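Okay, structure first, notes after.
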Number of protein chains: 2
Amino acid sequence: MTVPDISDYLPHIAFDSVIFGFSKGQLKILLMEYHATGWYALPGGFVGVKEGLNQAVERGLKERTGLENIYLEQFYTFGDFNRHGAEVMKRILEANGYAVNESYWLLDRFISVAYYALIDVEKVTLQPDSLSDSIGWYPIDALPQLIFDHQQIVTKALDTLRYHLDRKLIGGKLLPEKFTMNDLQRVYEAILGEKLRRTSFQRKLLGLDILKRHEKHFTGKSHKAPYLYSFK
Amino acid sequence: MTVPDISDYLPHIAFDSVIFGFSKGQLKILLMEYHATGWYALPGGFVGVKEGLNQAVERGLKERTGLENIYLEQFYTFGDFNRHGAEVMKRILEANGYAVNESYWLLDRFISVAYYALIDVEKVTLQPDSLSDSIGWYPIDALPQLIFDHQQIVTKALDTLRYHLDRKLIGGKLLPEKFTMNDLQRVYEAILGEKLRRTSFQRKLLGLDILKRHEKHFTGKSHKAPYLYSFK
DNA sequence: CCAAAAGTGTTTATTCTACACCCATGG
DNA sequence: CCATGGGTGTAGAATAAACACTTTTGG
């Protein structure tokens with residue numbers, strides 16, 4: 001079995017994606033589980049020699065989720081010398097049946113550009129890569145142990161997401177096109193990790209003048225039907 | 001004359017620094033002028049094969065300014081495929097007396113991690129690199145034309161600096177240890193590009209409880225002597 | 001005593017918060 | 001007509017802005 005070839009990619013440069021989704025009231029991210037090792041990692045990839053960095057990340061995201069044109073934001077580049085772990089990567093490759101020698105490129109030191117993405121979980125069709133036997137959603141507050149510095153990357157992604165939440169008005173990117181105010185509030189609460197007051201939240205978001213009100217959404221429950229909203 | 005050798009550095013990876021300073025009421029940045037070409041560029045460099053990314057940038061900053069332990073913040077990684085310009089780099093190298101062939105590493109495509117730094121201009125001793133005949137301060141609103149995408153990098157650095165100004169309380173990093181409230185206000189005005197109200201500014205900054213008041217500063221002018229302040 | 005600039009007090013405006021109240025819905 | 005959750009009105013609190021006033025300094 002031949003090992004993946006480097007010649008098409010820039011050496012020492014990688015990207016990692018923290019892909020956020022929201023379901024069952026929880027904020028979750030996508031993780032890959034590597035064959036036979038029980039190790040988890042962020043979905044990532046490499047940059048083609050004639051490919052733009054952002055394009056590479058978009059390509060990687062499409063390969064894993066099938067989605068295009070999704071909200072994507074670069075937030076930090078991790079470049080510590082000791083952030084890689086050659087022995088970890090070697091175990092992963094060997095568990096996949098590759099025989100690698102010490103100079104194999106995947107064992108090298110990598111600088112990784114990290115992005116976070118916000119997607120509607122209903123729209124994705126998950127697709128593992130060749131080294132992983134599964135890809136799935138894990139709640140942000142109950143993640144398995146991650147390889148390398150990926151936990152640190154997740155933490156920084158979450159910090160950045162919270163930081164951007166009120167400034168870039170991105171809360172709705174985790175929901176379908178139309179949603180109720182209560183849906184949106186639960187997204188905000190999951191991201192911020194705290195309860196918000198219903199009336200204040202409603203007033204604040206309506207005051208921003210970024211929501212368009214649509215028809216009412218009848219659930220069959222015995223109470224007033226909420227309006228559906230979308231972002232302008 | 002031999003050309004610089006790549007073997008000690010990671011290929012295709014660079015960093016660029018937008019080094020801000022404040023003097024004569026203006027916000028300025030450091031630029032290098034390349035020999036014989038009349039071209040200007042941000043000070044930058046490359047990452048040693050066994051060197052951390054942040055350490056590389058700190059090293060580069062020390063080489064150009066003599067300063068250590070300065071405020072430094074990574075803000076974006078530029079990775080478009082067409083951001084480099086091999087013909088520009090070739091002209092620069094040739095103007096320095098290097099004969100380079102088409103496959104020379106400095107002509108390759110680079111991904112560049114950009115940082116901004118805030119320094120006290122009084123503390124620096126400027127030092128050009130081997131390809132430049134000068135390094136100097138240029139007001140942010142009257143920059144010469146820059147090579148590659150360096151103007152875009154500067155613009156994004158300034159956006160980020162404005163964005164961080166109130167959140168990270170970094171205005172004072174551009175001033176000496178002790179300064180008057182008026183000094184600080186002029187820094188804020190230069191960064192934001194707008195006039196601020198004296199009394200509101202004073203109250204706001206004192207209200208943040210981050211300033212320590214010292215002795216009065218007598219200038220010999222016929223008015224009340226202002227207090228000196230430092231950051232806690 | 002005057003002009004200039006620094007520092008502070010006070011009033012006003014604005015924004016946020018809390019709570020109350022009313023509305024719609026299905027059982 | 002009741003319970004439940006959704007939407008809005010309003011009063012109070014907190015914050016921010018605007019303006020006036022006082023203080024200090026050297027000529």
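Fair warning: this is a prediction, and the values are worked out from it, not measured in the lab. Chain A is the first sequence line, chain B the second, and so forth, proteins listed ahead of strands; every chain is numbered from 1.
Taking a cutoff of 4.0 Å between a charged side-chain nitrogen and a carboxylate oxygen, B:Lys232 and B:Asp209 qualify as a salt bridge. One finds a salt bridge joining B:Glu63 and B:Arg59 here, because a Lys/Arg side-chain nitrogen approaches an Asp/Glu carboxylate oxygen to under 4.0 Å.
Put simply, CD on A:Gln202 is 16 Å from P on C:dA18, counting in whole angstrom units. When the P atom of D:dT4 is taken as reference, atom NE2 of A:His217 falls 20 Å away, rounded to whole Å. Counting to the nearest Å, the P atom of D:dG6 and the CZ atom of A:Phe201 are 12 Å from each other. The CZ atom of B:Phe218 sits 16 Å away from the C1' atom of D:dG27 (whole-angstrom rounding). Counting to the nearest Å, the C1' atom of D:dG7 and the CG atom of A:Leu205 are 14 Å from each other. Taking atom NZ of B:Lys221 as the reference point, atom C1' of C:dA6 lies 13 Å away to the nearest angstrom. Distance B:His223 NE2 to C:dA5 C1': 5 Å, rounded to the nearest Å. Regarding B:Arg186, its CZ atom lies at a distance of 13 Å from the C1' atom of C:dA5, rounded to whole Å.
Counting heavy-atom neighbours within 6.0 Å of B:Gln145 CD, excluding the residue itself, gives a total of 12 or less.
Side-chain contact between B:Val121 and B:Phe22: absent, with no pair of heavy atoms (C-beta onward) separated by less than 4.5 Å. Counting heavy atoms from C-beta on, the side chains of B:Val18 and B:His150 never come closer than 4.5 Å.
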_Contact state string [nucleotides 11-23 of chain D, B base, S sugar-phosphate only, - no protein heavy atom under 4.0 Å]_ = -------BBB--B
*After noting the C-alpha distance and the side-chain angles of B:Ile92 and B:His35, does the key distance pass the side-chain contact (heavy atoms from CB on, under 4.5 Å) rule?*
CA-CA 7 Å; B:Ile92 290 171; B:His35 286 134; over 6 Å; no
*Starting from the C-alpha separation in whole Å, work towards a yes-or-no answer on ring pair (Phe, Tyr, Trp, His ring centres under 6.0 Å) for A:Tyr188 and A:Phe201.*
CA-CA 9 Å; A:Tyr188 270 68; A:Phe201 182 81; 5.1 Å; yes
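Here D:dT24 is the nucleotide among D:dT24, D:dG6, C:dG7 with the atom lying nearest to any side-chain atom of B:Lys216.
Pairs engaging residues 207-232 of chain A under the ring-ring contact (aromatic ring centres under 6.0 Å, His included) rule: A:Phe179-A:Phe231 [sequence neighbours left out].
Within residues 164-184 of chain A, no residue has any heavy atom closer than 4.0 Å to DNA chain C.
Aromatic rings from B:Tyr76 and B:Phe78 are positioned such that their centres are separated by under 6.0 Å.
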